[in-house]
Chemist: 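My questions will all concern the structure given below.
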Amino acid sequence: MGNRTPLYEAHVALGAKIVDFAGWDMPIHYGSQIEEHHQVRRDAGMFDVSHMCVVDLRGSRAVDFLRYLLANDVARLTVPGKAIYSCMLNERGGVIDDLIVYYMDPSWYRMVVNAGTRNKDIAWLRRHAPSFDVEVDVQEELAMIAVQGPNARAKAQAALGDRIGAAPQLPRFAAVEAGLLFIARTGYTGEDGYEIMVPADQAEELWNALYAQDVKPCGLGARDTLRLEAGMNLYGQDMDEDTTPLVSGLTWTVAWEPLDRSFVGRPVLEQQRGAGVPMQLIGLVLEDKGVLRSHQKVYTAQGEGEITSGTFSPSLGRSVALARVPAGSVSECEVDIRGKRLKARVVKPPFVRNGQSCID
Amino acid sequence: MSNVPAELKYTKTHEWVRAESDGTVTVGITEHAQELLGDMVFVELPEVGRTLKSDQDCAVVESVKAASDVYAPIAGEVIGGNDALADSPELVNKDSYGDGWLFKMKPANAADLNGLLDAAAYAAVVAEESH
């Protein structure tokens, strides 16, 4: 038996198929992964993401700590509640994890990290925290529900009533405390919505209130097809400790300015940028019938690469993927699927955003 | 427990086989198999005319989750495929023993059918897997 979130029993009661995910017993779907996918693109769905780890960083030098540990620059956050997405790098410039960090006040940042990396993340944070007098406070008692889709915010508001607090006024990529809830207008689907942190003992009540508003439960399967359509990387597949953000389509998350900010991994990134980044992460749409899958070989004019994440896109009705291939201009390529070379077109992710196709 | 029709034959690898009155057989994957795989998005069928050995991988069913091989239940020649699956692979989920059939074969030896599992034996395989 793996770790279980406070919503485990609710998933089982809803007929979820439970699988192991990074040591957690999580719902992969509740019947049909594709229907759950469409539910989020067209209306509103909810995901139990309580396996993700919430870490509070407290101390007057928290900003210096995070400016040193993260490749993106938290000094860009000046309005309380605003968040940035960043990679946390090792000394080799490899990605220890990708995460979201919310600026709550000058001595409090809240970070959300991946379930599969939580132990090494916490160890890494704790290793560097003493030099900055920062307290690393893991929030074990919080559950988290992501409500996503064009109608997600309205339905969450209906479910929460007054408890929604100031959340309806949130700009994108920002969060606010509302009583015991922490409500963020963030997500991993390419749709609008909230990620709501809730005390573990109130999680099921919130889940049921959302369910009563016809917010359908969705599993990790739909979460994966939604994020891939949205062109969002998945840690462990599209990047890891051996790849830098520059070869992972995440150059936009690296804050080079100001030039005098020292952060872990910076020298390696600068060196790679100076020498010429050897690989790139690109989006692929399969022209033929079939399904792109991770680790399939990709052939371009510049040489061979590999698919890092591939799936059938329910929104587009065809297969899409992210692939790491040699640098250089590439408009089409071939992918080896079970010994056959099939044609794929290169596109700039995202593939789907806010319910709309982004490709021709 | 998923549906295991009594009139069909089965393999341990979750194919079903129906003996037709004209001596040919129809092959598909079981309801249990489609449940394990999840929503189908692509089916690759064997070419008509191809001669298959028993247990040879000859087709692929792909769900959102993964690609999975389908094996020839018995030796024989492929004489037809379910073309409707090209546009509607979800038929395998909706009607695995009916409209979701995969391909038809002419058995090399009709007696080979006797070597396949009957419904009770297949149900036992499924029950074993569930534990």
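Hydrogens, waters and symmetry mates are skipped; everything else that's a heavy atom, side chains included, is used. So that the names make sense, note that chain A is the first sequence line, chain B the second, and so on, each numbered from 1. Please read all numbers here as calculations on a predicted model, not as lab measurements.
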Chemist: Is the distance between the ring centroids of A:Trp207 and A:His11 under 6.0 Å?
Modeler: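 Ring centres of A:His11 and A:Trp207 closer than 6.0 Å.
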Chemist: Quick one: do the A:Gln237 and A:His295 side chains pair a donor with an acceptor below 3.5 Å?
Modeler: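 Absent: no donor and acceptor within the cut-off.
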Chemist: For A:Gln213, does the CD atom have more than 12 heavy-atom neighbours from other residues, nucleotides or ligands under 6.0 Å away?
Modeler: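 Result for CD/A:Gln213: enclosed.
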Chemist: Relative to chain A, which segment of B:Val43 carries a heavy atom at a distance below 4.5 Å: side chain, backbone, both, or neither?
Modeler: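 When you check distances to chain A, no heavy atom of B:Val43 falls under 4.5 Å.
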Chemist: At a heavy-atom distance under 4.5 Å, which candidate from A:Gln33, A:Lys17, A:Arg293, A:His37 has the highest pair count against chain B?
Modeler: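 Most heavy-atom pairs under 4.5 Å with chain B: A:Arg293.
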Chemist: Taking B:Lys65 for the side chain and B:Leu36 for the main chain, is one N or O donor matched with an acceptor at less than 3.5 Å?
Modeler: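 Here the side-chain-to-backbone pair exists.
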Chemist: Please tell me whether A:Asn114 and A:Asp98 have a donor and an acceptor in their side chains that are separated by less than 3.5 angstrom.
Modeler: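 Note: A:Asn114 and A:Asp98 side chains meet the donor-acceptor criterion.
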Chemist: Using a cut-off of under 4.5 Å on heavy-atom pairs, state which of B:Ser63, B:Ala86, B:Ala66 scores highest against chain A.
Modeler: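 Winner by heavy-atom pair count: B:Ala66.
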Chemist: Measure distances from B:Glu44 to the heavy atoms of chain A and classify the residue's part below 4.5 Å as side chain, backbone, both or neither.
Modeler: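 Side chain of B:Glu44 only, per the 4.5 Å heavy-atom cut-off to chain A.
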Chemist: Under a 4.5 Å heavy-atom cut-off, does chain B meet the side chain of A:Thr311, its backbone, both or neither?
Modeler: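 Just its side chain gets close to chain B.
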